[in-house]
Structures are given as C-alpha cells and as structure tokens.
Participant: 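What follows is a structure written as structure tokens; I'll ask about it next.
As the structure is a computational prediction, the values presented were derived from the model and not from experiment.
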Amino acid sequence: MKLKKSAPASIGPEEETIRLEAELFNKRRRSGMLRRLKPWLFAAAGLIVVGALGWLVWFSPYLLAERVSVSGVKVLHAPQVIARADVPKIPLISVDIDKIRAAVAKLPPVKSVEVSRAWPHTIKIAVTERTAIAVVPRGTQFAGMDESGVLFRDYLTRPAKLPLIADSASADREARQEAAHVVGSLSPALWSRVERVEVTSIDGITLVMRNGQRVVWGRASDSEAKAEVLEILIKRPGVKVIDVSVAGRPTTRS
C-alpha cells in the first residue's frame with residue numbers, strides 16, 4: 001500500500017518575517033564590509049597608479065631626453081650650445097637641469113640662461129646673449145665688450161656704430177668695466193657721437209668724439225649726472241675740451 005506524500009507545510013507569517021530579516025541582516029553585513037574595504041581598495045588602486053607612473057617617468061624607455069631645443073642665440077650657434085650642454089639620453093626627469101645651466105653659462109657670449117623640461121622628450125635652453133656696447137683692439141681683430149666689461153666675441157673689422165675702447169697697457173679689467181659703465185650711461189644721441197674711449201686707469205677715462213672734441217670723464221662714478229651735463233655743454237660752439245670729471249663743477253676749453 002502506497003503512502004501519500006503530505007503537502008509541504010505552508011510558511012506562516014512569523015517564519016516569513018524571520019527569513020526576510022535574515023536576508024536584510026546579511027545584506028547589511030555585506031554592505032558594511034564593502035564600506036570598510038573601500039578606503040583600502042582605493043588606496044591599493046592609488047598605489048598601483050603611482051607605481052605605474054613612477055616607473056613610466058623614472059625608469060621606462062618612453063620618456064627619455066632625446067631632443068635639445070635652443071633659442072635666443074645670434075652670436076652663438078645652436079650646435080655650440082647643444083655640445084656644451086651635453087644632455088645625456090636618460091629619463092627626462094633625471095636630467096640635471098642645474099648642471100646644464102652652469103655649463104652653458106660658461107660660454108662667453110651668454111649673459112643668462114634658463115633650462116627647462118618639455119615633456120615628453122625635450123630639454124629647452126633659452127639663452128640671453130650679451131650685447132656689445134664697444135670694441136677693444138686685440139691684435140688684428142676687435143673684441144666686443146658688454147656693459148659689464150666682459151669681452152665675449154670677436155670682430156674681424158671694427159663695427160662702424162660701436163665706439164672703440166683704447167685701453168693702455170696699464171688698464172686692467174676693472175678699468176674696462178668702468179669704461180663700459182660710462183658708455184652705458186650715455187644716451188643714444190651721445191653714444192653715436194663717440195669715436196673712442198681712452199682708458200689709462202679706473203679714474204683716467206676720456207671720451208674722444210667723432211668731431212674731435214675731448215671729454216675728460218675721470219672715473220665712472222656719477223656717470224648719469226655727467227652725461228646730463230655733457231648733453232648741454234657739447235652743444236656750445238667752439239668748445240674743444242669738456243671736463244665733467246666733477247659733475248657739479250664742469251669746465252670747458254676752446
């Protein structure tokens with residue numbers, strides 16, 4: 001005789017409530033665990049990203065210093081600057097910017113230099129060159145001198161617009177610097193009238209004008225005031241010698 005299977009007992013309201021509460025509890029527990037793990041997951045992801053970026057920048061072959069860009073050169077040529085910079089082919093971030101700046105700054109025509117990285121592969125070198133305000137005879141050629149008295153370039157012939165610094169054997173670099181300061185204090189109108197600057201010592205500076213007038217300057221102190229006085233006295237007719245060595249007591253001779 002076969003026994004009939006009894007139908008499953010129906011779940012009462014209390015059992016259903018217990019089941020739902022259990023499910024909600026488990027869901028809340030999983031959600032809580034996820035919230036607690038989130039900061040750690042984000043931190044781990046961040047470390048992975050930072051590590052990848054660090055490898056890319058410092059150790060990978062994809063961001064090497066492969067090019068050098070040079071700007072601002074007229075006296076110098078870009079290949080000269082690149083050769084002096086001697087940029088190694090290493091990761092761009094590892095290139096010693098200060099070392100390159102110091103090396104390029106030793107080139108005589110360089111007044112100042114800025115070096116920077118241009119991602120992903122370039123070192124940029126921006127040069128500001130010295131400007132010649134006068135020339136000094138050197139053998140059969142002429143050396144260009146800037147406003148600080150530095151001789152930084154050569155000329156085969158004397159540039160027509162630059163005054164000549166005729167320094168005697170007794171004149172040293174300090175005396176040339178004084179002469180450079182004098183020339184730099186002149187207005188363009190006065191500067192264009194100077195034929196040469198005779199320098200015997202730091203306080204023995206004389207301007208010889210293109211018209212033959214001589215201007216006794218003395219030393220470079222008070223050059224701006226002396227230049228203002230000269231602007232007035234040089235217009236007087238028949239004056240052959242102007243002495244502005246003491247700016248407050250200038251004299252003239254015919």
Side-chain angles (χ1 to χ4, degrees), residues 38-136 138-163 165 173-174 176-177 179-181 183-186 188 191-192:
K38 268 185 180 180
W40 297 99
L41 293 173
F42 285 134
L47 288 174
I48 292 171
V49 171
V50 169
L53 289 175
W55 175 84
L56 180 66
V57 171
W58 289 95
F59 304 107
S60 80
Y62 303 113
L63 296 176
L64 298 179
E66 296 177 341
R67 291 188 291 272
V68 180
S69 169
V70 178
S71 61
V73 292
K74 293 180 181 179
V75 177
L76 291 167
H77 300 290
Q80 291 176 277
V81 177
I82 292 171
R84 178 59 65 94
D86 193 22
V87 178
K89 192 174 181 180
I90 59 176
L92 194 62
I93 193 68
S94 300
V95 174
D96 191 335
I97 296 295
D98 293 333
K99 183 179 179 181
I100 294 172
R101 184 184 298 112
V104 174
K106 290 180 181 178
L107 291 168
V110 174
K111 182 177 182 180
S112 63
V113 58
E114 293 296 328
V115 182
S116 60
R117 299 177 181 88
W119 300 94
H121 301 294
T122 304
I123 290 292
K124 297 179 69 174
I125 302 176
V127 173
T128 299
E129 292 184 332
R130 301 180 188 276
T131 300
I133 63 169
V135 292
V136 180
R138 287 295 179 262
T140 59
Q141 298 183 357
F142 297 87
M145 185 180 75
D146 76 344
E147 73 278 359
S148 60
V150 175
L151 304 179
F152 68 94
R153 64 168 301 176
D154 294 326
Y155 295 98
L156 294 176
T157 58
R158 176 186 169 186
K161 294 183 179 180
L162 294 181
I165 303 293
R173 178 176 175 178
E174 186 178 0
R176 289 199 306 272
Q177 288 175 331
H181 182 71
V183 174
S185 70
L186 302 178
W191 179 77
S192 66

Participant: Does the Lys NZ or Arg CZ of Arg153 fall within the cation-pi geometry relative to Tyr155 - under 6.0 Å from the ring centre and within 45° of the axis?
Facilitator: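 So Arg153 does make the cation-pi contact.
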Participant: Minimum heavy-atom separation for Val136 and Met145, please, with both atom names.
Facilitator: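 Shortest heavy-atom contact: CG2-SD, 4.2 Å.
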Participant: If you measure from CZ on Arg84 to NZ on Lys106, what distance do you get to the nearest 0.5 Å?
Facilitator: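 Reported to 0.5 Å precision, the distance equals 7.5 Å.
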Participant: State, with a plain yes or no, whether a side-chain heavy atom of Phe152 is found less than 4.5 Å away from one of Leu76.
Facilitator: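 Not in contact.
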Participant: Between Val95 and Ala65, which heavy-atom pair has the shortest distance, and what is it?
Facilitator: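 In this case the closest contact between Val95 and Ala65 is CG2-CB, 3.8 Å.
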Participant: When you compare the side chain of Pro91 with that of Leu64, does any pair of heavy atoms fall below 4.5 Å?
Facilitator: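 Touching, per the 4.5 Å side-chain cut-off.
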Participant: Rounded at 0.5 Å granularity, tell me how far CG in Asp86 sits from CD1 in Ile100.
Facilitator: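 The distance works out to 8.5 Å.
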Participant: Please round to the nearest 0.5 Å and tell me the distance separating atom NE2 of His121 and atom OG of Ser69.
Facilitator: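 OG of Ser69 is found 14.5 Å from NE2 of His121.
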Participant: Could you check if a side-chain atom of Asp154 sits within less than 4.5 angstrom of a side-chain atom of Leu156, using non-hydrogen atoms only?
Facilitator: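 Not in contact.
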Participant: Any heavy-atom pair between the side chains of Ser148 and Arg130 that's under 4.5 Å?
Facilitator: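 A side-chain contact exists here, since the closest heavy-atom pair is under 4.5 Å.
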Participant: If I compare all heavy atoms of Gly144 with all of Val135, which pair ends up nearest, and what's the gap?
Facilitator: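 The answer is CA-CG1, 4.3 Å.
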Participant: Rounded to the nearest 0.5 Å, how far apart are CG of Asp146 and CD of Gln177?
Facilitator: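 CD of Gln177 is found 9.0 Å from CG of Asp146.
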Participant: Calculate, to the nearest 0.5 Å, the distance between atoms NZ and CD belonging to Lys89 and Glu66 respectively.
Facilitator: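 Interatomic distance, Lys89 NZ to Glu66 CD, rounded to 0.5 Å: 5.0 Å.
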Participant: So how far is it from Glu147 CD to Ser185 OG, rounded to the nearest 0.5 Å?
Facilitator: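 Interatomic distance, Glu147 CD to Ser185 OG, rounded to 0.5 Å: 12.5 Å.
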Participant: Decide side chain to side chain contact (heavy atoms under 4.5 Å, CB included) for Ile123 and Arg117; before the verdict, give the C-alpha distance in whole Å, the side-chain angles of both, and the deciding distance to 0.1 Å.
Facilitator: CA-CA 5 Å; Ile123 290 292; Arg117 299 177 181 88; 4.1 Å; yes
Participant: Does the side chain to side chain contact (heavy atoms under 4.5 Å, CB included) test come out yes or no for Phe142 and Ile165, once each step is laid out?
Facilitator: CA-CA 10 Å; Phe142 297 87; Ile165 303 293; over 6 Å; no
Participant: Which heavy atom of Val110 sits nearest a heavy atom of Ala105, and at what distance?
Facilitator: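 Heavy atoms only, the tightest pair is CG1-CA, 4.0 Å.
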Participant: Over all heavy atoms of both residues, which pair between Ala78 and Val73 is shortest? Give the atoms and the distance, please.
Facilitator: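 So the two residues come closest at N-CG2, 4.1 Å.
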Participant: Answer yes or no: is there a donor N or O on one side and an acceptor on the other, between the side chain of Trp191 and the main chain of Ile133, under 3.5 Å?
Facilitator: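 It does hold such a pair.
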Participant: Heavy-atom distance under 4.5 Å between the side chains of Val127 and Val113, does that happen here?
Facilitator: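 Side-chain contact under 4.5 Å: yes.
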Participant: Within the structure provided, determine whether Arg138 and Leu151 are in side-chain contact (heavy-atom separation under 4.5 Å).
Facilitator: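 When only atoms from C-beta onward are counted, Leu151 and Arg138 do touch, with a gap below 4.5 Å.
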